[in-house]
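Scroll down for the structure; my scribbles are underneath it.
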Amino acid sequence: MINVDKIREDFPILKRTVHGKRLVYFDNAATSQTPQIVIDTIVDYYSNYNSNIHRGVHTLSQEATDKYEEARIKVQHHFNAKEAYEIILTSGTTNSINIIAAGFASILQKGDEIIVSALEHHSNIVPWQMLCEKTGTILKVIPMLEDGSLNMDAYHDLVNEKTKLVFCNHVSNALGTVNPVEEIIAKAHAFNAAVLLDGAQATPHIKPDVQALDVDFYVASAHKLCGPTGVGMLYGKEKWLQKLPPYEGGGEMIATVSFEKTTYAGLPHKFEAGTPNICGGIAFGAGLDYMNAVGFDNIASYEHELLEYGTQRVVKN
Ligand SMILES: *Cc1c(COP(=O)(O)O)cnc(C)c1O
């Protein structure tokens, strides 16, 4: 069970007042508040070992590199990815989706089809429209039923040999619908299409297992998981991450450079050009630790209690 009073104490922002009243914060789906342990992690980074990673040979750089790579492993374990290098640390869900969309722009051909659900966040629609304009790929949409669920009969009719990719929310940001992702993935895979799940709204409530789901790509943002803004993750199956070209050129993502030819670094660095959000990545790990310490089963059962309470009050009044 959850001790709500004790959890409240973990969030210093809840001590402030707004319009003379104690803060009540309901906008967690847009961004969650930050527990003291994550704030402490950020302060500790800038107070004690702020430095650039992967390149430096000095103590601070080695400490920062170790902590950053530990954070990657925390994300790997949280999502049950097979390999740590299948986790790309990005600036958030939007950035993760754009990396995949840009990669597929060089794989897709005119006449190929991609499928997106009608329940998507704008960040999961616009990159695909941009991609279709560039490649001549056709965008198909899974329609929604009146009860807010996806029309799965229509989905089964949409998938065919031309389908190359299916993109879907794991949980909808608009309605909270939990989509039948296993069914979506199984059907897509039967036609050799890849599946990307947008986990930005699922991850605060569910601990996804990317291997059990057998999903090809999974993306999420730290700031909806008690972590800081400006950092997120992209899980990709190794075979897909090998296949997709890098997103940005720059430092960190190259192995050797000359004006004749540049060879790219291996995973995950191929997709992590430039100096990353080092502090953010480490604090992302601290946010996941915090949520796991509270426990996803505890979170789910408390949320269910709140939902029943809220629904009753709305129906009664
Ligand atoms: C919040 C959200 C995004 C975008 O996340 P950013 O952190 O703003 O990049 C994408 N998809 C869904 C479902 C979201 O809830």
Side-chain angles (χ1 to χ4, degrees), residues 25-34 38 42 71 75 78-79 87-104 114-131 139 141-142 144 148-150 165-181 184-185 194-208 210 213 215-236 247-248 271-274 276-277 279-288 291 296 299-300 303:
Y25 184 79
F26 274 135
D27 205 16
N28 298 286
T31 203
S32 54
Q33 290 303 340
T34 317
V38 172
I42 293 167
V75 177
H78 185 79
F79 289 89
I87 301 294
I88 313 298
L89 292 168
T90 66
S91 71
T93 302
T94 304
N95 181 218
S96 300
I97 294 169
N98 276 282
I99 291 172
I100 299 164
F104 269 89
I114 58 176
I115 298 176
V116 62
S117 96
L119 279 172
E120 298 311 303
H121 189 274
H122 289 164
S123 71
N124 208 5
I125 300 173
V126 180
W128 308 117
Q129 287 173 331
M130 289 163 67
L131 176 154
L139 184 68
V141 180
I142 315 168
M144 201 176 76
S149 67
L150 290 175
L165 251 184
V166 179
F167 322 103
C168 186
N169 261 324
H170 190 174
V171 170
S172 161
N173 61 296
L175 298 168
T177 315
V178 183
N179 287 316
V181 292
I184 289 170
I185 292 165
V195 177
L196 158 60
L197 290 182
D198 175 349
Q201 291 302 332
T203 44
H205 313 281
I206 299 170
K207 194 169 174 170
V210 293
L213 284 169
V215 69
D216 302 283
F217 299 100
Y218 198 98
V219 298
S221 294
H223 70 96
K224 293 174 182 174
L225 286 163
C226 294
T229 55
V231 63
M233 55 79 68
L234 185 179
Y235 159 79
Y247 181 57
E248 292 178 311
F271 293 102
E272 295 182 352
N277 184 349
C279 176
I282 296 166
F284 182 7
L288 286 179
M291 298 215 34
F296 279 82
I299 292 171
E303 282 173 345

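Atoms within each ligand, like the ligands themselves, are counted from 1 in listed order. Quick note: numbers below take in every heavy atom, side chains included, and nothing from hydrogens, waters or symmetry partners.
- Between the side chain of Thr177 and the main chain of Ser149, no donor-acceptor pair closer than 3.5 Å is present.
- Proximity to Asp198 (heavy-atom distance under 4.0 Å) selects the following atoms of ligand 1: 10 (C), 11 (N), 12 (C), 13 (C).
- Residue-ligand proximity, Gln201 to ligand 1, at heavy-atom distances under 4.0 Å covers atoms 13 (C), 14 (C), 15 (O).
- Taking all heavy atoms of Ala30, Ser221, Ala220 into account, the minimum distance to atom 6 (P) of ligand 1 is reached by Ser221.
- With sequence neighbours left out, the ring pair (Phe, Tyr, Trp, His ring centres under 6.0 Å) criterion links Phe79 to Tyr218.
- Applying the ring pair (Phe, Tyr, Trp, His ring centres under 6.0 Å) rule to His78 yields the partners Phe296; only residues at least two apart in sequence or on another chain are considered.
- Remark: the backbone N or O of Leu196 is not paired with any side-chain donor or acceptor of Asp216 at under 3.5 angstrom.
- To the nearest 0.5 Å, the span separating CD on Gln201 from CD1 on Ile206 amounts to 11.0 Å.
- For ligand 1, the polar-atom distance check against Asn169 finds no nitrogen or oxygen pair separated by under 3.5 Å.
- Within the listing of ligand 1, atoms 4 (C), 5 (O), 9 (O), 10 (C) sit less than 4.0 angstrom from a heavy atom of Thr93.
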